[in-house]
Amino acid sequence: QVQLLESGGGLVQPGGSLKLSCVDSSRSFRPYNWAWVRQAPGKEREFVAAMRVRGGTTYYTDHAKGRFTISRDNGENTVFLQMSSLKPEDTAVYYCAGSSRYIITSETRNPTNYDFWGQGTQVTVSS
């Protein structure tokens, strides 16, 4: 059974960095896409970044471009989100997600297209 487990969240000062990890504990999941999605208090889930497994194409939302990097470790079936230059508005619960089905490019940033989710990890950016 696929189970995605995130880690790496925490409290960081503005301008700091964090690296989130998400591992498939079953080691059996072979997604078409990986994604990171966040949800701030009182707000809807918001796409952050995604990676197409075959080919490695990456996608970012505007607020993540140049600051966040999505990557993966094939051998460990793990996906990462390296975040730098963090801002207070980046405070949210960050979820990793995977899609067991192919997603067309125009739909890559739509969280509803991802069918496996982790439990989330809290990221708080505050001085």
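For the pair Gln122/Thr124, a side-chain contact is recorded, criterion being any heavy-atom separation below 4.5 Å from C-beta on. You'll find the side chain of Pro88 stays beyond 4.5 Å of the side chain of Ser126, heavy atoms only. At least one side-chain heavy atom of Val123 sits less than 4.5 Å from a side-chain heavy atom of Leu20. Taking the side chain as every heavy atom from C-beta outward, Leu81 and Tyr94 approach each other to under 4.5 Å.
Phe80 and Leu18 are not part of a single hydrophobic cluster, where members link through side-chain heavy atoms under 4.5 Å apart.
We find the CE-CZ distance between Met83 and Arg38 to be 9.0 Å, quoted to the nearest 0.5 Å. The CG atom of Asn113 sits 5.0 Å away from the CD1 atom of Ile103 when rounded to the nearest 0.5 Å. Between Ser71 atom OG and Met51 atom CE the span is 6.0 Å, to the nearest 0.5 Å. The structure places CD of Gln3 at 8.0 Å from CD of Gln119, a figure rounded to the nearest 0.5 Å. From Trp34, atom CH2 reaches atom CG of Leu4 across 5.0 Å, with rounding to the nearest 0.5 Å. Between atom CH2 of residue Trp36 and atom OH of residue Tyr114 there is a gap of 13.0 Å, rounded to the nearest 0.5 Å.
Across all non-hydrogen atoms, the minimal contact from Ala64 to Val48 is CB-O, 3.7 Å. Of all heavy-atom pairs between Val125 and Thr91, the closest is N-OG1, 2.9 Å. A pairwise comparison of heavy atoms in Tyr60 and Ala49 identifies CD2-CB, 3.6 Å as the closest pair. In plain terms, the two heavy atoms of Ser26 and Asp24 that are nearest each other are OG-OD1, 2.7 Å. Heavy atoms only, all atoms of each residue included: Pro31 and Gly98 are closest at CB-CA, 4.4 Å. Residues Arg52 and Thr105 come closest through the heavy atom pair NH2-OG1, 3.4 Å.
For CD of Glu89, the number of neighbouring non-hydrogen atoms (other residues, nucleotides, ligands) closer than 6.0 Å is greater than 12.
In this structure, Asp90 does not pair ionically with Lys87, as no charged nitrogen and carboxylate oxygen lie closer than 4.0 Å.
Screening Thr78, Val53, Asn77 for a side-chain contact (heavy atoms from CB on, under 4.5 Å) with Arg72, the sole residue that qualifies is Val53.
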- Evaluate the criterion side chain to side chain contact (heavy atoms under 4.5 Å, CB included) for residue pair Tyr32 and Arg54; output intermediate values, then yes/no. CA-CA 7 Å; Tyr32 282 88; Arg54 182 170 294 181; over 6 Å; no

- Report the C-alpha separation of Asp115 and Ser100 in whole Å, then their side-chain angles, then the decisive distance to 0.1 Å, and conclude whether the side chain to side chain donor-acceptor pair (under 3.5 Å) test is met. CA-CA 7 Å; Asp115 48 350; Ser100 62; 2.4 Å; yes

- Does the pair Trp117 and Arg45 meet the rule for a side chain to side chain contact (heavy atoms under 4.5 Å, CB included), with working shown? CA-CA 12 Å; Trp117 292 79; Arg45 287 190 177 185; 3.2 Å; yes

- Task: Please step through side chain to side chain contact (heavy atoms under 4.5 Å, CB included) for the pair Thr69 and Thr58, ending with a clear verdict.
- Result: CA-CA 9 Å; Thr69 302; Thr58 56; over 6 Å; no

- Assess whether side chain to side chain contact (heavy atoms under 4.5 Å, CB included) is satisfied between Thr108 and Asn33, documenting all intermediate values. CA-CA 8 Å; Thr108 301; Asn33 283 30; 3.6 Å; yes

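Side-chain N or O atoms of Glu6 include one that pairs as donor or acceptor with a backbone N or O of Cys96 at under 3.5 Å. For Ser85 (side chain) and Arg67 (main-chain N/O), no donor-acceptor pair under 3.5 Å exists by modelled atom type.
For Phe29 and Phe116, the distance between ring centers is under 6.0 angstrom.
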